[in-house]
Amino acid sequence: MASNGILLGMGNPLLDISAVVETEFMDKYDIKLNNAILAEEKHLPMYDEIASKYNVEYIGGGATQNAIKVAQWMLQIPDATSFMGCIGKDKFGEEMKKDVKLSGVNAHYYEVDTTPTGTCAVCVVGGERSLVANLSAANCYKTEHLKRPENWELVEKAKYIYIAGFFLTVSPESIQLVAEHAAATNKVFMMNLSAPFICEFFKDAQEKALPYMDYVFGNETEARAFSKVHGWETENVEEIALKISQLPKASGTHKRITVITQGADSVVVAEDGKVKLFPVTLLPKEKLVDTNGAGDAFVGGFLSQMVQEKPIEECVRAACYAANVIIQRSGCTYPEKPDYS
């Protein structure tokens with residue numbers, strides 16, 4: 001049984017502004033499908049344009065928060081999960097707090113009044129998505145919030161800690177504090193490669209956290225970017241997953257397991273010098289609504305079983321189930337209860 005606060009997530013809370021757009025819109029702002037980027041100057045007008053021109057949905061998101069919400073939904077145990085990140089004291093921040101409270105996650109936000117709540121434009125074309133994140137307040141997270149007794153208590157209570165790689169751009173110090181705590185207390189610490197740009201431009205921060213990672217999640221594009229950056233000269237996802245699992249570790253309590261998704265192709269799991277492949281349940285194309293949040297949902301489903309100490313096969317099965325539910329809906333949303341057994 002998952003205990004109160006067993007799973008903690010830390011990351012960038014973003015309010016997803018999700019809409020189905022045309023290819024012209026994508027071209028205008030130079031954005032590509034199946035990619036995640038940080039907004040540059042040229043992208044800033046798109047937030048108003050998307051909100052005024054299209055039928056928009058607002059959904060509390062951000063990679064880590066999505067995964068934690070899905071894990072909470074799968075567990076159906078009040079307060080089994082908690083989350084920390086930074087939002088603004090504004091309308092979007094209030095929307096976020098409402099949304100997350102409804103999801104049953106115990107969120108301790110750091111609230112700032114100098115910067116607006118972060119947003120993420122989710123542009124959907126033919127069911128495939130592209131993410132452009134304007135971090136704003138999410139970028140303002142500070143270790144001082146983490147160190148407050150009521151927040152550090154969440155860290156001490158958790159037995160499993162998950163952080164998406166995106167948080168490396170915001171507060172590597174917070175990641176380091178939590179990672180070192182996990183290693184010293186035999187907890188399970190997990191991160192996600194999250195996006196090719198993280199592997200490319202935040203390589204040093206990622207490498208500093210890597211020895212503490214007991215689980216590394218990612219998709220095939222991120223895995224190949226990681227391989228390229230490390231000069232491994234291979235595009236073979238199984239080989240890359242294996243190499244990541246064998247990189248040095250800070251604590252010998254847990255071995256490192258690498259879990260790489262490949263869309264409709266098998267999930268690659270590397271551990272103990274071996275690779276296992278797990279086929280995914282294929283969804284008929286006409287049932288696909290939107291791939292936004294699929295990777296986060298996969299991790300959330302996985303974590304929901306892991307915190308109950310289920311075997312890896314069961315974790316992957318639940319992960320595929322959760323991702324399958326999410327891609328049949330708009331944004332990272334789900335029905336009231338899972339029908340998973």
Side-chain angles (χ1 to χ4, degrees), residues 2 6-9 11 34 61-77 80-81 83 103 105 129 159-165 188-195 213-223 237-238 241 244-245 254 256-271 275-283 287-329 331-335 337-341:
I6 192 166
L7 172 64
L8 168 67
N34 294 317
T64 310
Q65 189 165 253
N66 280 341
I68 297 297
K69 280 167 66 179
V70 171
Q72 176 64 45
W73 169 69
M74 290 283 287
L75 282 163
Q76 294 285 311
I77 300 162
T81 63
F83 176 80
S103 74
V105 175
R129 59 84 175 138
K159 292 195 177 76
Y160 298 85
I161 298 164
Y162 173 70
I163 301 176
V188 178
F189 180 75
M190 304 164 281
M191 284 194 75
N192 202 309
L193 299 177
S194 291
M213 299 180 202
D214 300 310
Y215 280 77
V216 175
F217 294 94
N219 66 27
E220 74 277 38
T221 322
E222 296 149 11
V237 175
E238 293 173 43
I244 292 173
S245 72
H254 308 287
R256 181 181 300 115
I257 298 176
T258 316
V259 183
I260 306 291
T261 59
Q262 310 185 86
D265 294 331
S266 294
V267 177
V268 177
V269 176
E271 63 173 315
V275 169
K276 284 186 190 154
L277 296 177
F278 296 91
V280 301
T281 323
L282 289 178
L283 188 73
K287 283 192 167 178
L288 173 71
V289 173
D290 156 10
T291 56
N292 179 34
D296 305 334
F298 178 92
V299 174
F302 193 100
L303 298 179
S304 73
Q305 304 308 299
M306 188 202 277
V307 302
Q308 300 179 76
E309 298 179 4
K310 298 280 175 69
I312 202 123
E313 296 74 14
E314 201 46 54
C315 295
V316 173
R317 195 168 78 84
C320 292
Y321 163 80
N324 216 301
V325 169
I326 299 295
I327 60 176
Q328 295 183 64
R329 299 169 67 91
C332 193
T333 61
Y334 35 77
K337 286 201 163 69
D339 57 357
Y340 178 77
S341 52

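One-based numbering along the sequence shown. The structure displayed is predicted, hence computed values, not measured ones.
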Peer 1: For the pair Asp296 (side chain) and Cys332 (backbone), establish whether a donor and an acceptor sit closer than 3.5 Å, ignoring hydrogens and angles.
Peer 2: no
Peer 1: In Å, rounded to the nearest 0.5 Å, how long is the span from CG of Asn66 to CZ of Phe83?
Peer 2: 9.0 Å
Peer 1: Side chain to side chain contact (heavy atoms under 4.5 Å, CB included) for Val275 and Val269? Distances and angles first, verdict last.
Peer 2: CA-CA 6 Å; Val275 169; Val269 176; over 6 Å; no
Peer 1: Before we go on, tell me: are the rings of Phe217 and Phe302 under 6.0 Å apart, centre to centre?
Peer 2: yes
Peer 1: Side-chain contact test, heavy atoms from C-beta onward, threshold under 4.5 Å: evaluate it for Arg317 versus Gln305 and give yes or no.
Peer 2: no
Peer 1: In Å and rounded to the nearest 0.5 Å, what is the CG to CG distance from Asn219 to Asp265?
Peer 2: 12.0 Å
Peer 1: Nearest 0.5 Å, what's the OG1-CE distance between Thr81 and Met74?
Peer 2: 13.0 Å
Peer 1: What is the minimum heavy-atom distance between Gly301 and Val70, and which atoms define it?
Peer 2: N-CG1, 3.9 Å
Peer 1: Donor-acceptor check, side chain of Tyr321 to backbone of Ser341, threshold 3.5 angstrom: yes or no?
Peer 2: no
Peer 1: Please round to the nearest 0.5 Å and tell me the distance separating atom CE of Met306 and atom CE of Met190.
Peer 2: 5.0 Å
Peer 1: Indicate the atoms forming the closest heavy-atom contact of Tyr162 with Thr64, along with that distance.
Peer 2: O-CG2, 3.5 Å
Peer 1: Quick one: are Val325 and Tyr340 in side-chain contact, heavy atoms under 4.5 Å?
Peer 2: no
Peer 1: Can you tell if the side chain of Glu271 reaches within under 4.5 Å of the side chain of Ile312, non-hydrogen atoms only?
Peer 2: yes
Peer 1: Over all heavy atoms of both residues, which pair between Gln72 and Ile77 is shortest? Give the atoms and the distance, please.
Peer 2: NE2-O, 2.8 Å
Peer 1: Please assess His254 against Phe189 for the test side chain to side chain contact (heavy atoms under 4.5 Å, CB included), listing each intermediate value before the final yes or no.
Peer 2: CA-CA 9 Å; His254 308 287; Phe189 180 75; over 6 Å; no
Peer 1: What is the minimum heavy-atom distance between Gln328 and Val289, and which atoms define it?
Peer 2: O-CG2, 3.2 Å
Peer 1: Taking the side chain as C-beta and beyond, is there a heavy-atom pair between Cys315 and Phe278 under 4.5 Å?
Peer 2: no
Peer 1: When rounded to the nearest 0.5 angstrom, what is the spacing between CG in Leu75 and CD1 in Ile6?
Peer 2: 8.5 Å
Peer 1: Got a second to check how far Ile260's CD1 is from Thr221's OG1, nearest 0.5 Å?
Peer 2: 10.0 Å
Peer 1: Give a yes or no on whether the backbone of Pro335 and the side-chain of Trp73 come within a donor-acceptor separation of less than 3.5 Å.
Peer 2: yes
Peer 1: Minimum heavy-atom separation for Ala297 to Ala322, with atom names?
Peer 2: O-CB, 3.4 Å
Peer 1: Please report the shortest heavy-atom distance between Ala270 and Ser245, naming the atom on each side.
Peer 2: O-CB, 3.7 Å
Peer 1: Quick one: are Glu222 and Asn192 in side-chain contact, heavy atoms under 4.5 Å?
Peer 2: yes
